[in-house]
*Asks:* 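Once you've had a glance at the structure underneath, I'll fire off some questions.
All ligand and atom numbering here is 1-based and tracks the order in the structure.
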Amino acid sequence: MSKNISAVKKISRNLWWSWDTEAKEMFKRLSPLLWERVNHNPVELLRHISSDELEARCSCEFGSRIDKVTKRFDEYIAEKNTWAANHAPELVAHPVAYFSAEFGIHESLRIYSGGLGILSGDHLKSASDLGINFIGITLFYKEGYFRQYLNHDGWQIEDYPLQYPESLPVEKVTTKDGKDLIIEITIAQSTVYAQAWSLKVGRATLYLLDTNIPANEAHYRDICSRVYGGDQNMRINQEILLGIGGVKLLDALNVEPAVFHMNEGHSAFLTLELLKKEIELGLSLDEAKEKVKSQCVFTTHTPVPAGHDRFSRDMMHYIFIKYVTQIGIDFEDLMRLGSEDQNNTNGLFTMTVLALRLSRCANGVSKLHGEVSREMWKHLYSTDDPNQVPIGHITNGIHTKSWSSGFTDRFWRKHTDSIEDLFSSRESAEAVLSKVSDSELWCMRYRLKRNLIDFISRYQSNQLYHQHQFTPYKPSDSSKSVKSSLSPDVLTIGFARRFATYKRAPLVFQDLDRLNAIINNSAMPVQLIFAGKAHPHDDAGKEYIRQIVEFSRRPQFLGKVVFLENYNIGVAKRLVSGVDVWLNNPVRPMEASGTSGQKTVLHGGLNLSIMDGWWCEAYNGTNGWSIGTGDENDNYDEQYRMDAGRLYEVLENQIIPTFYEHNDQNIPVKWLKHVRNAIETIAPVYSTDRMVREYTLRYYLKEPRI
Ligand SMILES: *Cc1c(COP(=O)(O)O)cnc(C)c1O
């Protein structure tokens, strides 16, 4: 293999490329068409290109590009003078083991469902950038999360295409003598075997456990087929594999983590395996609990009691009765660890309770969510005063480089050496922005919106094709009008996220006449773009999708309200960069943080949001808009009407007039002031670089520094 080919292959096998604009460009140039077809997966791309072609083209076309990318990659991997080396050397010597049921790293790796996964992926990438020795643990879901289709009624259909290891940058983990590394876990009366795979994400490693191997009984082979698939029994099996399997894997690899981080309660069974190890060393249960507690930290993500994983006593008994004897505790001891009331172990076993009891610190994911969590769990700490509850908060962020790569990244780098300068502090953002003129900023907005509209046009041709396969609709008519109607001159509002009902996707349709007047105002028109998946079991969420699709087909909204199927990281990247306004209208305080609105800001988009999650602390009066002031009404319908009314008001009186107010040079100067303020105040703060630094200094280090 020539030097160039092996360099290209090497880059393709570390997800670092996914946040390096030039590396991405290198793969895309090999074949722009194939690049789209393989969903931006370089491993798959290279399987479709012969080594003869690669050899020929690398030597003349790509040589210097490959050299530059490789040099940057090698320097990145070898860098010793990192933030962690300077601020947390302990975490260079020993790794952080970060457990999460999903990781959203790139659209080509479908092992995530939504925000929790994106957060894990972004956490992993920033930990790598900061030089923290970092290991992620998750499951290898061969079917991943579903691919969403809409049928001609606008009803969501789920499809589960398989992901093959040979098409992904994963490697089998092997033992010293070259055999597959297999770990064993106990579930009910059975021994279940799991194979481990590894994946490189910059300097960090992600391990994926996989039970789909011949050694297992058939029903255990399916444990990791689907992200959050199946029933409660599947759920508990997945969580045992993740938590207990994950600790066993680290043992098998001889890794001694400095700290175990449970990202959400799904992985909390890891504490049981840690208890087992201490008890085997001779500690009493109480001593073992203290020891385990000193090793673990926990992040909760769910602001409503019903959202937390709970298992019945019967199920716990069936699943754990053999395992507790292996730990050396009795079943009641186990139940006490996860019961909200330790004197009554006949109720449900709650994963969050287990995690809270066996962590040295815990946090919510925004300031408001911290408050909500302290209130929600105060009974565990026998207090009525939420301020006595030891749950803090660290507000979520995004991996800036992943969410700004491509056109935006190149735009900013015309004005600054690296995007890190722009987003490292408010002052540096101001300094960079002062070099960017309004007309440049406005030109960038147009360009990004044009990219989005072109993308939608291509994307919709596919979507309409299979939606209309069996329908009485006239596909050619409606697809033509859809394509011709979206315009980059028009104020474009985006709404895309999981269709959990609390996010209230159809809120803007509450008063159809009023919305019609807004959208079809010929002097100041508006267009709306929606996307999102409902969980396969969530019929109410699917009904929301159906309603929006139905609205989008009404004559007054046709081509002005669009629903894009199969929301995922790839679609998200297009949407957050193209829209002018990102809409977020959940029931407060149910959005623990939310992060998608943070992505929009990097591209000069503005947020319009309920005062919930991260927005509650980020909104300053000029960097976007709020819907309401954060007051809550116990009556759901009344709150719905009230929030819809306020949403229309802000649109009609503030957002739309500001967007269309142009100066003599045809530039919306006031609008761009908002954009500048948003970039300066939001981008430097709501990043996972800031977030992971906080986790490190407050929670990962044995002696907190802040
Ligand atoms: C960012 C992102 C999310 C999380 O968005 P929220 O604001 O938390 O709803 C979910 N899914 C995808 C694909 C994303 O990119």
*Asks:* Select one of side chain, backbone, both or neither to describe which atoms of Thr595 lie under 4.0 Å from any atom of ligand 1, heavy atoms only.
*Replies:* both
*Asks:* Side chain, backbone, both or neither: which part of Ala572 comes within less than 4.0 Å of ligand 1 when only heavy atoms are counted?
*Replies:* side chain
*Asks:* Measure the distance from atom 6 (P) of ligand 1 to every protein heavy atom, then report the residue, atom name and distance (to 0.1 Å) of the closest one.
*Replies:* Ser596 OG, 3.5 Å
*Asks:* Strictly under 6.0 Å, is that where the ring centroids of Phe499 and Tyr544 end up?
*Replies:* no
*Asks:* State the atoms of ligand 1, each with its element, that fall below the 4.0 Å cut-off from a heavy-atom position in Lys503.
*Replies:* 9 (O)
*Asks:* Near Asn568, which atoms of ligand 1 are under 4.0 Å from a heavy atom of that residue?
*Replies:* 13 (C)
*Asks:* Arg546 vs Glu543, test: salt bridge (charged side-chain N to carboxylate O under 4.0 Å, His left out). Steps then yes/no.
*Replies:* CA-CA 5 Å; Arg546 194 202 60 74; Glu543 174 56 23; 2.9 Å; yes
*Asks:* What protein heavy atom is closest to atom 4 (C) of ligand 1, reported as residue, atom name and distance in Å?
*Replies:* Gly115 CA, 3.5 Å
*Asks:* Going by the closest heavy atom to atom 8 (O) of ligand 1, which one wins out of Ser609, Ser402, Ala496, Gly594?
*Replies:* Gly594
*Asks:* I need the atoms of ligand 1 closer than 4.0 Å to a non-hydrogen atom of Ile118, numbered in the order shown.
*Replies:* 2 (C), 3 (C), 12 (C), 14 (C), 15 (O)
*Asks:* Is the Phe134 to His123 ring centre distance short of 6.0 Å?
*Replies:* yes
*Asks:* Look at the rings of Phe140 and Trp197 and say which category their plane angle falls in: under 30° parallel, 30 to 60° tilted, over 60° perpendicular.
*Replies:* perpendicular
*Asks:* Using a 4.0 Å cut-off to any heavy atom of Ile569, which atoms of ligand 1 qualify?
*Replies:* 13 (C)
*Asks:* Taking atom CZ of Arg37 as the centre, does the number of heavy atoms from other residues, nucleotides or ligands within less than 6.0 Å exceed 12?
*Replies:* no
*Asks:* Of the choices Arg498, Glu107, Lys599, Arg497, which has the non-hydrogen atom that lies closest to atom 3 (C) of ligand 1?
*Replies:* Lys599
*Asks:* Mind running salt bridge (charged side-chain N to carboxylate O under 4.0 Å, His left out) on Lys125 and Asp129 for me, showing each step along the way?
*Replies:* CA-CA 6 Å; Lys125 292 170 186 173; Asp129 289 347; over 6 Å; no
*Asks:* Taking atom 11 (N) of ligand 1 as the point of reference, which of Tyr145, Trp614, Trp615, Tyr567 owns the nearest heavy atom?
*Replies:* Tyr567
